[in-house]
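Letters A, B, ... are given to chains in the order of the sequence lines, protein chains preceding strands, and every chain is numbered from 1. Keep in mind that what you see is a predicted model, and the values were worked out from it rather than measured.
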Number of protein chains: 2
Amino acid sequence: MNPDEPALTEVPVTAVLFALADPVRLQIVGELSGGGEHPCGHLGPDMPKATRSHHLKVLREAGLTSTRREGTTKFVRLRAQEVGERFPGLLDAVLPVPAEPAR
Amino acid sequence: MNPDEPALTEVPVTAVLFALADPVRLQIVGELSGGGEHPCGHLGPDMPKATRSHHLKVLREAGLTSTRREGTTKFVRLRAQEVGERFPGLLDAVLPVPAEPAR
DNA sequence: GAGCATGTTCGAGAAAAGTCGAACTATGGC
DNA sequence: GCCATAGTTCGACTTTTCTCGAACATGCTC
């Protein structure tokens with residue numbers, strides 16, 4: 001298995017919490033929580049790409065996201081099902097009402 | 001209200017997650033999750049009292065715990081109800097099954 | 001009061017995280 | 001091949017945490 005996208009069971013709870021305990025990353029997770037794939041470059045607030053890449057790596061290594069390459073861009077998605085199975089209710093408890101359907 | 005024990009609505013989600021994203025503090029929360037008050041000095045793994053005091057302060061300022069003095073010792077309890085109201089399911093998702101229901 | 005216990009605060013060192021420019025890699029179009 | 005685009009990695013810097021000894025504060029008992 002790709003060591004960069006570990007199984008949730010391999011990741012310490014504290015690592016998952018740590019990944020979520022940052023405003024930028026939590027915002028990214030919030031944007032992803034609507035479902036589907038998002039082009040990596042537009043996630044979160046405006047910031048240098050090195051910084052964004054860093055935050056996405058933290059989320060990825062915490063097992064929270066999955067990435068797929070398509071041409072020159074990468075698409076990120078929330079591993080909602082796996083997270084939900086390992087930590088039921090966590091995302092719901094932490095995300096500010098992702099009810100906000102489409103915009 | 002005691003600024004040291006803020007209302008959970010005053011605390012950013014990320015601060016709560018940050019407080020939980022440390023092995024020592026998460027262990028303390030786990031020990032508290034059984035309910036009731038615990039003498040402050042025996043919580044978590046063995047460590048210098050300055051360090052324990054620091055971790056308990058982080059938990060307190062995140063709104064996760066409440067402290068009551070009785071004589072020379074302080075008793076800590078988890079603010080389970082308030083946390084549950086503000087972040088339903090968070091503690092259950094994050095604590096390693098304190099109840100061990102069946103099988 | 002002195003002595004003792006339990007915690008907090010202060011200060012400093014070490015370790016870790018966040019930020020971001022620059023260099024590098026990978027892919028696609030020409 | 002060359003060039004542009006999208007991301008990653010590297011390196012340096014800044015900021016924040018963690019840790020813990022030492023000093024201080026508080027409350028109890030004698």
Side-chain angles (χ1 to χ4, degrees), chain A residues 2-6 11-32 36-78, chain B residues 2-6 11-32 36-78:
Chain A
N2 185 353
D4 207 33
E5 290 185 6
V11 182
V13 198
T14 48
V16 175
L17 291 169
F18 179 83
L20 295 172
D22 178 281
V24 173
R25 292 194 292 265
L26 192 59
Q27 177 177 335
I28 292 176
V29 171
E31 294 172 12
L32 293 175
E37 293 181 319
H38 291 242
C40 159
H42 298 217
L43 285 167
D46 196 32
M47 68 186 104
K49 53 184 184 174
T51 305
R52 177 177 290 112
S53 192
H54 162 70
H55 285 304
L56 289 174
K57 182 176 186 179
V58 174
L59 290 172
R60 213 164 48 230
E61 293 183 340
L64 289 169
T65 60
S66 179
T67 302
R68 177 179 67 86
R69 156 158 251 147
E70 185 174 315
T72 68
T73 81
K74 289 193 171 181
F75 288 88
V76 184
R77 68 171 183 86
L78 190 63
Chain B
N2 186 354
D4 208 33
E5 290 185 5
V11 182
V13 198
T14 47
V16 175
L17 291 169
F18 179 84
L20 295 171
D22 177 281
V24 173
R25 290 194 294 263
L26 193 59
Q27 177 177 336
I28 292 176
V29 171
E31 293 173 11
L32 293 175
E37 293 181 318
H38 291 243
C40 159
H42 298 216
L43 286 167
D46 197 32
M47 68 185 106
K49 53 185 184 172
T51 305
R52 177 176 289 113
S53 192
H54 161 71
H55 285 304
L56 289 174
K57 182 177 185 178
V58 174
L59 290 172
R60 213 164 48 230
E61 293 182 341
L64 289 169
T65 60
S66 179
T67 302
R68 178 179 66 85
R69 155 159 252 147
E70 185 174 314
T72 67
T73 81
K74 289 193 171 182
F75 288 88
V76 184
R77 68 171 182 87
L78 190 62

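- Rounded to whole Å, the distance from CG on Leu26(B) to C1' on dT17(D) is 17 Å.
- A donor-acceptor distance shorter than 3.5 angstrom exists from the side chain of Arg52(A) to the backbone of Pro45(A), with no hydrogens or angles considered.
- Panel note: side chain Arg25(B), backbone Phe18(B); a donor-acceptor pair is recorded below 3.5 Å.
- Taking side-chain N and O atoms only, Arg60(B) has no distance below 4.0 Å to OP1 or OP2 of dG7(C).
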Within the 4.0 Å limit for protein heavy atoms, which parts of nucleotides 18-24 of chain C are touched? Write it as a string from 5' to 3', B for base, S for sugar-phosphate only, - for none. SBBB---
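- Taking atom CG of residue Leu56(B) and atom P of nucleotide dT9(C), one finds them 12 Å apart after rounding to whole Å.
- Panel note: side chain Glu5(A), backbone Thr67(A); a donor-acceptor pair is recorded below 3.5 Å.
- With a 4.5 Å cut-off on side-chain heavy atoms, Thr65(B) and Leu56(B) do not count as touching.
- Side-chain N or O atoms of Arg69(B) include one that pairs as donor or acceptor with a backbone N or O of Gly71(B) at under 3.5 Å.
- Following rounding to the nearest Å, His42(A) (NE2) and dT5(D) (P) show an atom-to-atom distance of 13 Å.
- One interatomic measurement links the two molecules: CZ of Arg52(A) to C1' of dG7(D), which rounds to 11 Å at whole-angstrom precision.
- Of the residues in residues 69-78 of chain B, Arg69(B), Gly71(B), Thr72(B) come within less than 4.0 Å of DNA chain D through at least one heavy atom, sorted by number.
- Nucleotide dT17(D) holds its P atom 14 Å from the CG atom of Leu59(B), rounded to whole Å.
- Under the 4.5 Å side-chain criterion, counting only non-hydrogen atoms from C-beta, Leu64(A) is not in contact with Val11(A).
- Once rounded to the nearest 0.5 Å, the distance linking CD of Glu37(A) with CZ of Arg68(A) reads 4.0 Å.
- The distance from atom CD of Glu5(A) to atom P of dT8(D) is 11 Å, rounded to the nearest whole Å.
- Within the 4.5 Å cutoff, the side chain of Phe75(B) has heavy atoms near those of the Pro39(B) side chain.
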